[in-house]
Amino acid sequence: MTAKKALITGITGQDGAYLSQFLLSKGYEVHGVLRRSASASVIDERLKWLGVAGQVEMHDGNLTDITSLLRIFQDLRPDEVYNLGAQSFVKSSWQQPLLTGQATAMSVSNMLETVRLACPEARFYQASSSEMYGRIQEPQQSETTPFYPRSPYAVAKLYGHWITVNYRESFGLHASSGILFNHESPLRGIEFVTRKITDGVARIKLGKAKMLALGNLDAKRDWGHARDYIQAMWLMLQQDNPDDYVVATGRTESVREFCRLAFACVDLNYEDFVTVDSKNMRPAEVDVLLGDASKARKILGWEPVTKLEEMIAEMVEADLERHKKK
Ligand code: GDP
């Protein structure tokens with residue numbers, strides 16, 4: 001049997017790297033769409049970290065340029081398409097709202113049109129986000145909870161979510177949307193609060209920094225491990241019917257509690273090192289998110305396996321190693 005072909009956008013990001021590793025372990029041929037940039041030498045840093053950099057094939061393309069996508073899809077004819085590429089940092093979406101609209105919203109139309117025109121049999125995964133719940137309308141959010149986006153990023157993701165649903169209903173595409181709650185790992189970008197904290201813990205422990213300035217310590221998130229969450233993406237595409245699924249742990253903790261746990265990993269008290277700087281605050285905040293993944297459990301048989309404390313320990317350990325090598 002010939003290997004199945006998977007095409008991943010956002011392959012150099014946290015989820016793209018873990019998903020590549022997972023699909024390779026399942027015998028897939030893994031391809032990535034790569035946006036060429038001047039910083040090309042660091043693009044596959046995460047894939048290298050996971051030891052799979054040489055095993056994926058990269059194709060030059062850009063999510064905002066449908067012609068580049070059509071060319072790649074016509075040549076490759078992928079069986080499964082994972083659309084993980086986006087401008088994904090919430091705070092930057094206020095600074096670059098139009099770019100966010102193009103890279104996070106319109107790009108999903110480009111991808112779906114490309115699938116429809118070039119390989120309508122392919123199965124499509126859209127990376128939707130718990131940020132779409134924003135000012136939450138129910139204490140625990142499921143697939144039926146109304147959305148209330150609170151940032152240009154969340155508004156753009158909402159477009160991506162609904163256009164995926166619409167192409168499924170309009171054209172019968174096997175298109176699924178995974179509403180993933182925050183998911184972290186040692187490969188999380190440093191601009192996100194979890195990595196900023198574990199990196200800060202490592203610096204402080206090693207005497208490379210004295211303090212760590214954060215923003216809203218009272219925000220609460222349902223944090224899981226990216227390695228667990230990418231498996232839910234794959235499971236969605238193995239179902240006979242496409243659908244939408246919430247992927248979450250069902251536990252929510254504050255940024256403050258995350259700090260406490262991370263500093264405790266190196267026997268320090270976060271209160272001695274964490275300060276609040278208003279420059280890290282946002283024009284509109286998402287105060288609390290808590291997911292209900294019952295549907296994913298029931299239909300996909302998916303379960304998160306990594307506990308928050310284990311994930312934080314893994315992240316702190318990895319950042320200590322990185323800083324010791326520097
Ligand atoms: P998001 O949920 O996708 O926005 O993920 P982030 O990791 O960027 O932010 C999670 C929460 O942490 C938000 O409510 C932020 O306001 C809060 N937060 C507090 N301090 C910081 C900080 O210094 N950086 C970031 N990125 N977030 C912070």
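When a ligand or atom number is given, it counts from 1 through the structure's own listing order.
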Q: Which residue holds the protein heavy atom closest to atom 13 (C) of ligand 1, what is that atom called, and what is the gap in Å?
A: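 Nearest protein contact, heavy atoms only, for atom 13 (C) of ligand 1 is Arg221 NH2, 3.4 Å.
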Q: Is the number of heavy atoms from other residues, nucleotides or ligands within 6.0 Å of CD (Glu121) greater than 12?
A: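 No, the 6.0 Å shell around CD holds no more than 12 heavy atoms from other groups.
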Q: Examine the proximity of ligand 1 to Asn182 and report which part, side chain or backbone, both or neither, has a heavy atom under 4.0 Å away.
A: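 Answer for Asn182: side chain.
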Q: Count I, L, V, M, F, W, Y as connected when their side-chain heavy atoms are under 4.5 Å apart, and connections chain through other members. Are Val90 and Tyr148 then in the same cluster?
A: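 Looking at the clustering, Tyr148 is in a separate group from Val90.
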Q: What residue and heavy atom of the protein are closest to atom 16 (O) of ligand 1, and at what distance?
A: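 In this structure, atom 16 (O) of ligand 1 has Glu285 OE2, 2.6 Å as its nearest protein heavy atom.
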Q: Picking from Arg168, Lys295, Gln126, what satisfies side chain to side chain donor-acceptor pair (under 3.5 Å) with Asp244?
A: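 The single option meeting the side chain to side chain donor-acceptor pair (under 3.5 Å) with Asp244 is Arg168.
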Q: For atom 23 (O) of ligand 1, grab the closest protein heavy atom and report residue, atom and distance to one decimal in Å.
A: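 Answer for atom 23 (O) of ligand 1: Lys196 NZ, 2.7 Å.
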Q: Look at atom 6 (P) of ligand 1 and say which protein heavy atom is nearest, naming residue and atom and giving the distance to 0.1 Å.
A: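 Residue, atom and distance for the closest contact: Arg282 NH2, 3.8 Å.
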Q: If two hydrophobic side chains count as joined below 4.5 Å and joins carry through other members, does Val288 share a cluster with Tyr133?
A: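 Yes.
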Q: With atoms numbered from 1 as shown, which atoms in ligand 1 lie under 4.0 angstrom from a non-hydrogen atom of Phe89?
A: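 It comes down to these atoms of ligand 1: 8 (O), 26 (N).
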Q: If you measure from each non-hydrogen atom of Lys91 to ligand 1, which part falls under 4.0 Å: side chain, backbone, both or neither?
A: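 Neither part.
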Q: For Glu131, which part has a heavy atom under 4.0 Å from ligand 1: side chain, backbone, both, or neither?
A: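 Glu131 to ligand 1: side-chain contact only, backbone stays beyond 4.0 Å.
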Q: Quick one: which of Ile190, Val193, Asp287, Val90 has a heavy atom closest to atom 21 (C) of ligand 1?
A: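 Minimum heavy-atom distance to atom 21 (C) of ligand 1 goes to Val193.
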Q: State the atoms of ligand 1, each with its element, that fall below the 4.0 Å cut-off from a heavy-atom position in Ala219.
A: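 Per the distance check, 14 (O).
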Q: Out of curiosity, does Val165 fall in the hydrophobic cluster containing Phe147 (side-chain heavy atoms, cut-off under 4.5 Å, transitive links)?
A: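 Linked within one cluster.
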Q: Do Ile179 and Trp223 land in one hydrophobic cluster if side-chain heavy atoms of ILVMFWY residues count as linked below 4.5 Å?
A: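 No, Ile179 and Trp223 fall in different hydrophobic clusters.
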Q: Starting from atom 20 (N) of ligand 1, find the nearest protein heavy-atom neighbour and note its residue, name and distance.
A: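 Answer for atom 20 (N) of ligand 1: Gly215 N, 2.7 Å.
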Q: Is there a path of hydrophobic side-chain contacts, each under 4.5 Å between heavy atoms of I/L/V/M/F/W/Y residues, joining Val276 to Phe273?
A: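 Yes, Phe273 connects to Val276 through the hydrophobic network.
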Q: Please work out which of the three classes, parallel, tilted or perpendicular, describes the rings of Tyr18 and His225, given edges at 30° and 60°.
A: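 Perpendicular: the ring planes of His225 and Tyr18 meet at over 60°.
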Q: Looking only at protein heavy atoms, which one is nearest to atom 26 (N) of ligand 1, and what is the separation?
A: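 So the nearest neighbour among protein heavy atoms is Glu191 O, 2.9 Å.
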